[in-house]
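Both counts, for ligands and for their atoms, begin at 1 and track the order of listing. Scope of the values below: all heavy atoms of this structure, side chains included, with no hydrogens, waters or symmetry mates. None of the values given here were measured: they were computed from a predicted structure.
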Amino acid sequence: MNICVVGTGYVGLVTGCVFSDLGNDVVCVDKNPEKIAMLERGEMPIYEPGLEEMVKRNVEDRRLTFTQDLQSAVAHAEVVFICVGTPPLPSGDPDMTYIQEVAKGIAAALNRYKVIVTKSTVPVGTGNMVREIIETNRRRNVDFDVVSNPEFLREGSAIKDTLEPDRIVIGAPNQVVAMKILELYAPLERPMIITDVASAEMIKYASNAFLATKISFSNSIACICEAVGADVIQVIKGMGLDNRIGSAFLNAGLGYGGSCFPKDSSALARTAEKNGYDFKLLQAVMDVNKEQAVRFMDRLRVEIGGSFKGKTIGILGLAFKPNTDDMRDAKSVEIIGKLLAEGADVKAYDPIAIENTRQIFPQICFTRNAYEAAEETDAVIVVTEWNEFKLLNMERVKSSMKTPLLFDGRNIYDPLKMSRLGFNYHCVGRPSTVATR
Ligand code: NAD
């Protein structure tokens with residue numbers, strides 16, 4: 001099938017690449033000339049494990065091409081996937097400008113029947129909006145259909161998630177259109193849900209809001225564990241083994257970040273509000289998430305002597321989660337911002353996300369590895385749970401620090417081991433331990 005994918009970000013590039021790998025002819029469009037130039041040179045604008053090899057293979061086999069020219073890419077396609085960003089506005093609503101821009105572009109290029117598929121995360125009603133924009137702006141009276149096919153991939157495992165999704169959701173105006181999209185996904189042999197457009201749009205928001213709820217619930221339990229001397233990891237393990245609960249996304253830590261959960265939770269809360277429903281539960285989920293890093297930093301401030309002024313803090317991990325270079329709504333941004341505002345010096349290390357962080361904080365010191373980030377510091381904070389931090393030589397880390405104060409925001413170390421190594425160790429939802437040597 002001839003496919004056009006608009007937007008070559010985490011979703012669009014991976015979607016285009018996987019569809020081409022399944023044998024389709026795919027043209028990926030982006031309005032960012034640098035991204036297209038990079039892709040044409042065989043360089044990836046984002047970090048995603050396995051992506052570069054897959055792109056290379058499909059480009060060489062001429063099933064995958066890149067362009068800035070939306071008009072010709074749409075004109076040649078039977079199916080057009082919209083994968084542009086829907087970033088949050090200050091109101092909490094998603095910014096729909098990019099979707100509207102693409103819908104207008106599609107309208108101008110409409111030359112024969114096409115199925116327009118929205119993969120971006122968009123509020124209920126967007127399918128109708130896209131339909132209206134195309135109807136109003138099309139130059140020829142050509143028919144088309146609009147489908148919602150929300151994306152559930154996770155950065156860091158995006159290719160695997162696209163090839164083996166838990167479910168594929170297709171929200172279509174009728175069965176014939178649904179079958180056309182189903183045909184595209186059939187080779188994956190995964191469970192599919194065929195529904196109406198509004199329900200498909202809602203499934204995405206409800207899923208992300210529920211996952212955010214699991215995280216904030218775990219963090220609330222962690223706060224109580226800290227107060228009563230229980231261990232949240234044991235508590236969560238005990239909960240998660242119950243099949244009705246499940247262990248996924250029951251993690252205590254610094255809270256959720258990234259380009260999806262924060263913005264999708266706010267967007268759903270706004271949809272509820274606009275439709276006269278006060279979604280108190282979701283508001284509490286967002287409040288708990290906001291407080292989590294603040295509480296953690298308050299504890300560090302107390303331990304370090306009441307003020308960050310003049311202190312040097314080492315940061316391990318910058319990306320919003322491991323295996324990605326994405327810094328959108330990363331907890332490190334909030335934490336580093338607070339440290340700088342309160343007069344601390346910051347040394348930071350991340351295996352992949354340093355260049356992206358440099359754009360946000362050019363003034364901080366970036367190191368070549370985790371050990372250098374810990375050298376001569378008054379405290380080290382683990383912000384992202386990269387695997388390479390789990391097996392560090394902690395003896396070496398400790399001996400290079402000014403003060404052996406370790407704040408583990410992701411619970412990756414064993415409190416007893418850390419105290420035996422000589423750290424004053426603080427984590428989330430587990431008792432803190434003091435150095436025993
Ligand atoms: P992104 O910011 O990484 O990529 C979006 C791309 O769209 C950019 O390259 C941008 O240049 C391009 N673009 C914007 N306007 C354009 C236009 N008019 N024409 C052509 N290109 C245009 O975004 P992303 O992370 O891939 O997310 C895309 C959508 O998918 C969002 O709605 C997001 O919520 C959703 N989503 C993201 C993830 C994720 O993990 N990143 C997962 C599921 C769903």
Side-chain angles (χ1 to χ4, degrees), residues 4-18 27-39 44-49 51 66-74 77 80-89 93-109 116-123 126 130 133 137 148-162 165-169 200-201 203-205 207-209 211-212 256-268 319-330 356:
C4 165
V5 177
V6 190
T8 62
Y10 292 88
V11 170
L13 186 53
V14 173
T15 301
C17 187
V18 166
V27 182
C28 286
V29 187
D30 206 290
K31 67 172 185 180
N32 181 336
E34 282 161 34
K35 275 196 175 177
I36 294 300
M38 280 182 86
L39 287 163
M44 296 302 105
I46 52 166
Y47 173 77
E48 195 55 52
L51 183 63
F66 303 101
T67 181
Q68 269 183 270
D69 184 358
L70 180 72
Q71 298 294 302
S72 73
V74 170
V80 181
F81 283 91
I82 304 179
C83 305
V84 296
T86 47
L89 292 168
D93 287 311
D95 184 350
M96 300 301 286
T97 326
Y98 307 106
I99 299 275
Q100 289 159 347
E101 207 175 277
V102 174
K104 282 184 194 153
I106 292 170
I116 317 302
V117 186
T118 311
K119 223 175 210 324
S120 301
T121 304
V122 291
T126 302
V130 168
I133 293 177
N137 292 279
S148 165
N149 169 221
E151 181 53 61
F152 298 94
L153 65 77
R154 294 161 300 174
E155 289 174 25
S157 54
I159 296 210
K160 186 174 181 298
D161 291 346
T162 307
D166 288 343
R167 77 300 207 190
I168 293 156
V169 176
E201 291 168 339
I203 286 171
K204 173 67 190 178
Y205 280 106
S207 303
N208 273 4
L211 294 174
Y256 56 80
S259 67
C260 293
F261 287 1
K263 104 173 151 60
D264 296 348
S265 305
S266 317
L268 182 57
F320 88 87
K321 67 173 187 177
N323 294 321
T324 182
D325 60 350
D326 198 343
M327 290 298 296
R328 287 177 284 187
D329 253 314
N356 285 350

Taking E48 for its side chain and S157 for its backbone only, find out whether a donor-acceptor pair lies under 3.5 Å. yes

Find out whether Y98 and D95 are in side-chain contact, i.e. whether some heavy atom of one side chain is under 4.5 Å from a heavy atom of the other. yes

Could you name the option among V84, T8, V11 that has the heavy atom nearest to atom 22 (C) of ligand 1? V84

Please report which non-hydrogen protein atom sits nearest to atom 3 (O) of ligand 1, along with the residue it belongs to and the distance in Å to one decimal place. G9 CA, 3.3 Å

Note, I82 side chain near V122 side chain (heavy atom, < 4.5 Å): no

Nearest-contact summary for atom 20 (C) of ligand 1 - protein heavy atom, Å: K31 N, 3.3 Å

For E101, side-chain hydrogen bond (donor to acceptor under 3.5 Å, both in side chains) partners two or more places apart: K31

Short list, please: which atoms of ligand 1 are under 4.0 Å from a heavy atom of L153? 40 (O), 42 (C)

Non-hydrogen atom of V102 closer than 4.0 Å to ligand 1: yes

If you have a sec, work out which protein heavy atom is nearest atom 11 (O) of ligand 1 and how many Å separate them, to one decimal? D30 OD1, 2.6 Å

Candidate pair C83 and V6, rule side chain to side chain contact (heavy atoms under 4.5 Å, CB included), full reasoning: CA-CA 6 Å; C83 305; V6 190; over 6 Å; no

What's the shortest distance from atom 35 (C) of ligand 1 to any protein heavy atom, and which residue and atom give it? T121 OG1, 3.4 Å

Nearest option to atom 40 (O) of ligand 1, as decided by whichever heavy atom of R328, E101, E155 sits closest: E155

How close does the nearest protein non-hydrogen atom get to atom 43 (C) of ligand 1, and which residue and atom is it? E151 O, 3.3 Å

If we number the atoms of ligand 1 from 1 as shown, the ones under 4.0 Å from a heavy atom of G85 are 5 (C)

Can you find an N or O of K35 that's nearer than 3.5 Å to an N or O of ligand 1? yes

Set of side-chain hydrogen bond (donor to acceptor under 3.5 Å, both in side chains) partners for K263, sequence neighbours left out: T86

Contact atoms of ligand 1, heavy-atom distance to T86 under 4.0 Å: 31 (C), 32 (O), 34 (O)

Only one of T162, V169, D166 clears side-chain contact (heavy atoms from CB on, under 4.5 Å) with F152; which? V169

May I ask whether Q68 places a heavy atom under 4.0 Å from ligand 1? no

Quick one: look at C260 and ligand 1, take heavy-atom pairs under 4.0 Å, and tell me if it's side chain, backbone, both or neither. side chain

Going by the side-chain contact (heavy atoms from CB on, under 4.5 Å) test, name the single residue among D30, V29, V80 that passes it with L70. V29

Min N/O separation K263 to ligand 1 under 3.5 Å: yes

Would you check if E151 and V14 make a side-chain contact, meaning some heavy-atom pair closer than 4.5 Å? no

With a 4.5 Å cut-off on side-chain heavy atoms, are F320 and E155 touching? yes

Within 4.0 Å of some non-hydrogen atom of V6, the atoms of ligand 1 are 19 (N), 20 (C)

Indicate whether the side chain of K119 and that of N149 have a donor and an acceptor atom separated by less than 3.5 Å. yes

Ligand 1 contact on R154 by region, counting heavy-atom pairs under 4.0 Å: neither

What are the atoms of ligand 1, with element, lying closer than 4.0 Å to any heavy atom of S259? 41 (N)

